[in-house]
Student: 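Here you go, one structure.
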Protein chains: 2
Amino acid sequence: MVTKQAAELRALTEGRGNAFDPDCPTRVVLDRIGDKWTVLVIGALVDGPRRFTALRQHIGGVAPKVLTQTLRAMERDGLLTRTVYAQVPPRVDYALTDLGASLGGPIAVLTDWAELNVAKILAARDEFVAQEA
Amino acid sequence: MVTKQAAELRALTEGRGNAFDPDCPTRVVLDRIGDKWTVLVIGALVDGPRRFTALRQHIGGVAPKVLTQTLRAMERDGLLTRTVYAQVPPRVDYALTDLGASLGGPIAVLTDWAELNVAKILAARDEFVAQEA
DNA sequence: GTCCCATAGTAACCACTGGTAACTGAGCAC
DNA sequence: GTGCTCAGTTACCAGTGGTTACTATGGGAC
């Protein structure tokens with residue numbers, strides 16, 4: 001614990017993290033971004049706030065439990081806000097914070113690459129399978 | 001807040017083959033990129049080929065089994081090449097392909113964001129913990 | 001000859017997480 | 001009192017990530 005805090009402090013005081021240091025908190029950020037649902041939630045919220053069920057419908061194939069986990073983690077990390085209205089039936093709005101919205105750029109770059117290179121990756125995969133056989 | 005970047009992301013996700021469709025192969029690419037070790041391996045190889053042990057040392061905290069899994073998956077997807085020299089002790093070089101190297105740009109954007117925003121995320125996390133208590 | 005070393009993994013095992021299906025609670029309409 | 005909506009929760013299961021220990025091979029030291 002002490003060493004971890006020291007590493008975080010060092011990384012922060014140096015101004016920049018080093019993702020290759022296992023104790024560097026940048027790893028934490030990469031883990032969060034690495035979660036595919038986080039990426040899709042950011043994409044689903046760039047247009048504005050959405051409710052829980054709307055998110056579920058917009059992001060195909062996500063189970064409610066997993067969506068809840070993702071949203072809570074993102075709220076904890078300051079990427080979005082969760083607003084509960086005391087109504088029945090309940091209403092909960094999710095909206096990106098400035099920090100969360102600022103992630104949209106890097107994610108767009110990534111999804112752009114993905115769109116452009118899906119074919120190459122699938123081709124490599126097919127070829128590899130063919131070689132194995 | 002919602003700017004050109006947001007519009008870009010929206011165009012990507014709602015226009016041509018979108019990542020919100022659970023059956024879209026873009027999901028496959030996001031899963032691969034989402035693996036934190038993949039990101040670090042790309043980062044470790046942009047300067048040139050490395051051997052297995054060199055990768056292990058450069059990327060702190062990775063278990064050999066997991067590194068092997070990651071490297072095999074990346075080889076399968078055409079992101080890197082694996083060259084075995086019939087020597088004793090064994091020597092295996094890993095090098096990025098053009099496809100793998102082209103991922104360096106998007107990943108650099110992402111890690112830049114991560115390193116710049118680590119402090120904000122940790123602050124949000126601390127505040128959240130404080131509010132809970 | 002025997003012992004030890006380095007490299008690039010594998011094997012066995014465990015814990016945690018991601019995913020599925022079913023259930024909850026609160027008020028309102030019927 | 002039955003059913004409807006929304007936003008989850010609960011119980012459960014499989015797969016994955018991670019840890020530690022072990023392996024194969026030949027070269028050099030003794």
Side-chain angles (χ1 to χ4, degrees), chain A residues 3-4 19-24 27-41 44-45 49-77 80-95 132, chain B residues 19-24 27-41 44-45 49-77 80-95 132:
Chain A
T3 55
K4 190 175 180 182
F20 293 112
D21 177 357
D23 291 326
C24 175
R27 285 274 179 96
V28 169
V29 180
L30 284 181
D31 280 351
R32 176 117 323 289
I33 297 170
D35 180 20
K36 73 177 169 187
W37 299 121
T38 297
V39 172
L40 294 172
V41 167
L45 289 179
R50 278 179 195 265
R51 301 177 62 173
F52 187 86
T53 304
L55 280 172
R56 257 187 86 180
Q57 287 166 353
H58 191 74
I59 304 172
V62 62
K65 189 191 77 167
V66 179
L67 183 56
T68 300
Q69 286 174 348
T70 303
L71 291 170
R72 293 288 153 81
M74 291 175 70
E75 184 193 9
R76 185 171 51 100
D77 289 347
L80 54 76
T81 58
R82 180 171 175 271
T83 309
V84 182
Y85 298 90
Q87 300 176 357
V88 170
R91 174 199 176 101
V92 180
D93 278 359
Y94 292 94
E132 292 290 291
Chain B
F20 293 111
D21 177 359
D23 293 327
C24 175
R27 284 272 179 100
V28 170
V29 180
L30 284 181
D31 280 350
R32 176 115 322 286
I33 297 170
D35 180 20
K36 73 176 169 186
W37 299 122
T38 298
V39 172
L40 294 172
V41 168
L45 290 179
R50 279 178 195 266
R51 301 175 60 174
F52 187 85
T53 305
L55 279 172
R56 257 187 87 181
Q57 287 164 352
H58 191 74
I59 304 172
V62 63
K65 188 190 77 168
V66 179
L67 183 55
T68 299
Q69 286 174 348
T70 303
L71 291 170
R72 294 289 152 82
M74 291 174 70
E75 185 192 7
R76 186 173 50 101
D77 288 349
L80 54 77
T81 58
R82 179 171 175 271
T83 310
V84 182
Y85 298 91
Q87 299 176 356
V88 169
R91 175 198 176 99
V92 181
D93 277 0
Y94 292 94
E132 293 289 291

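Quick note: numbers below take in every heavy atom, side chains included, and nothing from hydrogens, waters or symmetry partners. Here is how names work: the chains are called A, B, and so on, in the same order as the sequence lines, proteins then strands, and each is numbered from 1.
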Student: As an exercise, state the distance from CZ of Arg32(B) to CZ of Arg76(B), rounded to the nearest 0.5 Å.
Tutor: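 CZ of Arg76(B) is found 6.0 Å from CZ of Arg32(B).
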Student: With DNA chain C as reference, determine whether Val62(A) or Pro90(A) sits nearer its 5' end, using the nearest nucleotide of each.
Tutor: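 Its nearest nucleotide being more 5', the pick is Val62(A).
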Student: Rounded to the nearest 0.5 Å, how far apart are CD1 of Ile59(A) and CH2 of Trp37(A)?
Tutor: 7.5 Å
Student: Is Arg50(B) near enough to dA8(C) that one of its side-chain N or O atoms lies under 4.0 angstrom from OP1 or OP2?
Tutor: no
Student: Heavy atom of residues 64-72 of chain B under 4.0 Å from DNA chain D: which residues?
Tutor: Lys65(B), Val66(B), Gln69(B)
Student: For the helix from dG1(C)-dC30(D) to dC30(C)-dG1(D), how many degrees between its two end axes (five pairs per end), to the nearest 10°?
Tutor: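 Roughly 20° between the end axes, to the nearest 10°.
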Student: OG1 of Thr70(A) to CG of Asp35(A): how many Å apart, nearest 0.5 Å?
Tutor: 5.0 Å
Student: Touch check for Tyr85(A), heavy atoms < 4.0 angstrom, all strands: base, sugar-phosphate only, or nothing?
Tutor: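 Touches nothing.
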Student: Restricting to non-hydrogen atoms, name the atom on Arg27(A) and the atom on Gly60(B) that form the minimum distance, rounded to 0.1 Å.
Tutor: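 Result for this residue pair: NH2-O, 3.0 Å.
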Student: NA contact type, Arg56(A), heavy-atom cut-off 4.0 Å: base, sugar-phosphate, or nothing?
Tutor: nothing
Student: So, is Trp37(A) close to the dG19(C) phosphate, meaning a side-chain N or O under 4.0 Å from OP1 or OP2?
Tutor: yes
Student: Go nucleotide by nucleotide along DNA chain C from the 5' end; which of Val88(A) and Ala63(A) gets its closest nucleotide reached first?
Tutor: Ala63(A)
Student: Would you mind reading off the distance between Asp93(B) atom CG and dT7(C) atom P, rounded to a whole angstrom?
Tutor: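 That distance rounds to 13 Å.
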Student: Quick one: how far along DNA chain D does chain A reach, first to last nucleotide 5' to 3', anything under 4.0 Å to a heavy atom?
Tutor: dT5(D) to dA11(D)
Student: Say you draw a straight line from CD1 of Ile33(A) to CD1 of Ile33(B); how long is it, rounded to the nearest 0.5 Å?
Tutor: 12.0 Å
Student: Give the minimum heavy-atom separation between Leu45(B) and Tyr94(B), together with the two atoms involved.
Tutor: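 In terms of heavy atoms, the two residues are closest at CD2-O, 3.5 Å.
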Student: Taking all heavy atoms of Ala44(B) and all of Leu55(B), pick out the closest pair and write down the distance.
Tutor: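 Looks like CB-CD2, 3.8 Å.
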Student: How about Leu71(B) and Arg82(B): do any of their side-chain heavy atoms sit closer than 4.5 Å?
Tutor: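 A side-chain contact under 4.5 Å is absent here.
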Student: Looking at every heavy atom in both Arg51(A) and Pro90(A), which two are closest together, and how far apart are they?
Tutor: NH2-O, 3.4 Å
Student: If I take atom CG from residue Asp93(B) and atom CZ from residue Arg50(B), how far apart are they, to the nearest 0.5 angstrom?
Tutor: 11.5 Å
Student: Find the distance between CZ (Arg72(B)) and CG (Asp77(B)) and round it off to the nearest 0.5 Å.
Tutor: 14.0 Å
